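One structure below.
FYI, side chains are in, hydrogens and waters are out, and symmetry mates aren't considered; it's all heavy atoms of this structure. All values derive from a computational prediction rather than experimental measurement.
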Amino acid sequence: MADWGPVVIAVVLFVIMSPGLLFQLPGNSRAVDCCNFQTSGVSILVHTIIFFGLITIFLIAIGVHITIG
């Protein structure tokens, strides 16, 4: 039986946390821009730190497990 929890959580967070797709923090003209598809180096760094924090919480602290079969 394979544990699909880390894979599912990582893919969902990757899609949600892609800078410029749903939101960008910090934005180019405001603190938060929505759906602009223009990223900066600072925005990529902020989204990377948030992604790492969320995936750490979900996988290590909470321990999400999804088993199939």
Side-chain angles (χ1 to χ4, degrees):
M1 288 193 243
D3 184 17
W4 286 93
V7 176
V8 171
I9 296 295
V11 168
V12 168
L13 283 177
F14 181 79
V15 170
I16 291 172
M17 294 302 300
S18 295
L21 185 62
L22 296 177
F23 67 95
Q24 180 178 344
L25 183 82
N28 292 332
S29 59
R30 295 178 289 183
V32 177
D33 281 338
C34 295
C35 304
N36 64 358
F37 295 108
Q38 297 176 353
T39 60
S40 64
V42 175
S43 176
I44 293 171
L45 179 66
V46 168
H47 280 258
T48 302
I49 293 169
I50 294 171
F51 176 84
F52 177 73
L54 288 175
I55 204 159
T56 303
I57 290 169
F58 283 120
L59 297 183
I60 295 174
I62 297 174
V64 175
H65 297 286
I66 301 172
T67 55
I68 299 175

Exercise: identify the closest heavy-atom pair between Thr39 and Ile44: OG1-CD1, 4.2 Å
ILVMFWY network linking Val8 to Ile68, side-chain heavy atoms under 4.5 angstrom: yes
Same apolar cluster: Phe23 and Phe52, side chain cutoff 4.5 Å: no
Heavy-atom donor-acceptor pair, Asp3 side chain to Ile66 backbone, under 3.5 Å: yes
Spatial distance of atom CG (Leu54) from atom CG (Leu59) [nearest 0.5 Å]: 10.5 Å
Spacing of Trp4 atom CH2 and Ile9 atom CD1 [to the nearest 0.5 Å]: 14.0 Å
Separation between CD1 of Ile50 and CG of Leu45, rounded to the nearest 0.5 Å: 10.0 Å
Phe51 versus Phe14, closest heavy-atom pair with distance: CE1-N, 3.6 Å
Euclidean distance, Leu13 CG relative to Ser18 OG, rounded to 0.5 Å: 10.0 Å
Which atom of His47 lies closest to which atom of Gln24, heavy atoms considered: NE2-CA, 3.7 Å
Ile62 side, atom CD1; Thr56 side, atom OG1 - distance, nearest 0.5 Å: 11.0 Å
Where Ala31 and Leu25 come nearest, the two heavy atoms and their spacing: O-CD1, 3.7 Å
Shared hydrophobic cluster, Ile57 / Ile49 (ILVMFWY, side-chain heavy atoms < 4.5 Å): no
